[in-house]
Amino acid sequence: MIAVNKPPRDTFKQRHNVAAFSVLEHFAQALVHQARDNGGVLTEEQILKTVDGLRDKETLFDTAWTILESDMDSIKAREKAAVRHDPFGRLMVSRFEFLLEGGQAGEVEDGALSRKILQPFFKVIRMMVGMDMLQEIDREIHAIIDAHANKDDELRDPTEYWDHLAKEPAVASRINLVFARMALHFEDYEHRKKWLIQLVNDNLPSSDKKWKFTETHCILLLHALFNDVRKTLSVPEQAAELVAKLGRDDVETLRAVIKSIDEDYAALKSAD
């Protein structure tokens, strides 16, 4: 047997450390048998021949692969649970959930957004809005949820009462601010739209089924994401509140961005 260093204490790492070394042990054992048959000496050709012999044994690495696949399935399950049970993340996704596959939009073949977009979507949010602001708003939303902790209150469980939570004025205001700051990054609309398409496609999880985030998908997503910003700008009192938070110049930029998106969306619909 080959020497094995003590694996890390972390369960996930330890399991894969053991699996990896089990593969190396199989290789070492094959080399040992070759050496014994050749007087304790191995040539380069014999080592390569040993590797080829192992390649034909399809079941040799089954144990290692089973461990890896099992843990990867667990990771994916935890990621999906995190999206479902994270109030802030869930509220942001709710803005365009109707565009996702399996719901109102149908399947990806019908033009729906693949759910694989969620991972790059949150990356875009972090890049455009910044982690400091996201963490601050996340804490505020959790504080609002905790303030409605009475068991008879409809806001007590955000995993079951998304609609009620989304309509809470304090929550809606904070989510709207996130998307307003995100929209400001689309001042150079055509350039930023191309950037977003490329970024999403570059960060989609790998899969046997290839799906691409197209310009059509992008227009539909942006139109849905900034719908509340659009509504805010159309109400003078609410627009004034946004000016107080962002400044007059930024609000004028928002109006120009929304206009560009609306023109794109109208052209898309007229072409249908």
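Along the sequence shown, the residues carry numbers beginning at 1. What you are looking at is a predicted structure, and each value in this text was computed from that prediction instead of being measured.
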- His185 side chain to Met128 main-chain N or O, any donor-acceptor pair under 3.5 Å? yes
- Query: Are the side chains of Ile175 and Asp228 in touch, meaning some heavy atoms are under 4.5 Å apart?
  - Reply: no
- Query: Taking the six-membered ring for Trp, is the centroid-to-centroid distance between Trp211 and His217 below 6.0 Å?
  - Reply: yes
- Task: Any pair with a residue in residues 241-261 that passes side-chain hydrogen bond (donor to acceptor under 3.5 Å, both in side chains), sequence neighbours left out, goes on the list, sorted by first then second residue, please.
- Result: Ser173-Lys245
- Flag the pair Met92 / Phe179 as yes when at least one side-chain heavy-atom distance between them is below 4.5 Å, and no otherwise. yes
- Would you say Pro120 and Leu204 make side-chain contact, with heavy atoms under 4.5 Å? yes
- Over all atoms of both residues, closest heavy-atom pair of Ala183 and Leu254: CB-CD2, 3.5 Å
- Message: Main chain of Ile219, side chain of Asp264: is a donor-acceptor contact present, judged purely on distance under 3.5 Å?
- Response: no
- Item | Glu263, CD: over 12 other non-hydrogen atoms inside 6.0 angstrom | yes
- Query: Do Leu220 and Leu268 come close enough that some side-chain heavy atom pair is under 4.5 Å?
  - Reply: yes
- Nearest heavy-atom pair of Ala105 and Leu99: which atoms, and what distance? CB-O, 3.6 Å
- Message: The criterion is side-chain hydrogen bond (donor to acceptor under 3.5 Å, both in side chains); which residues satisfy it with Arg230, sequence neighbours excluded?
- Response: Asn227, Asp262
- Query: Quick one: does Leu199's side chain get under 4.5 Å of Met127's, heavy atoms only?
  - Reply: yes
- Could you go through the side chain to side chain contact (heavy atoms under 4.5 Å, CB included) check for Leu221 and Leu113 one step at a time? CA-CA 9 Å; Leu221 176 63; Leu113 295 177; 4.2 Å; yes
- Task: Mind checking side-chain hydrogen bond (donor to acceptor under 3.5 Å, both in side chains) for Asn203 and listing every partner two or more places apart, or none if nothing turns up?
- Result: Lys123
- Query: Does any non-hydrogen side-chain atom of Met182 lie less than 4.5 Å from one of Val229?
  - Reply: no
- Note on the structure: d(Lys116 NZ, Lys210 NZ) to nearest 0.5 Å is 7.5 Å
- Trace of the side chain to side chain contact (heavy atoms under 4.5 Å, CB included) decision for Leu233 with Leu242: CA-CA 8 Å; Leu233 294 173; Leu242 206 52; 4.1 Å; yes
- Message: Tell me the closest heavy-atom pair linking Phe213 and Ile197, and the distance in Å.
- Response: O-CG2, 3.3 Å
- Short N-O contact, Glu101 and Arg115, less than 4.0 angstrom: no
- Item | Heavy-atom pair with the smallest gap, counting every atom of Gly106 and Ala112 | O-CB, 3.7 Å
- Query: Any side-chain heavy atom of Leu196 sitting closer than 4.5 Å to one from Leu222?
  - Reply: yes
- Query: Atom CH2 in Trp195, atom SG in Cys218: separation rounded to 0.5 Å?
  - Reply: 10.0 Å
- Does the side chain of Leu225 come within less than 4.5 Å of Phe121's, by heavy atoms? yes
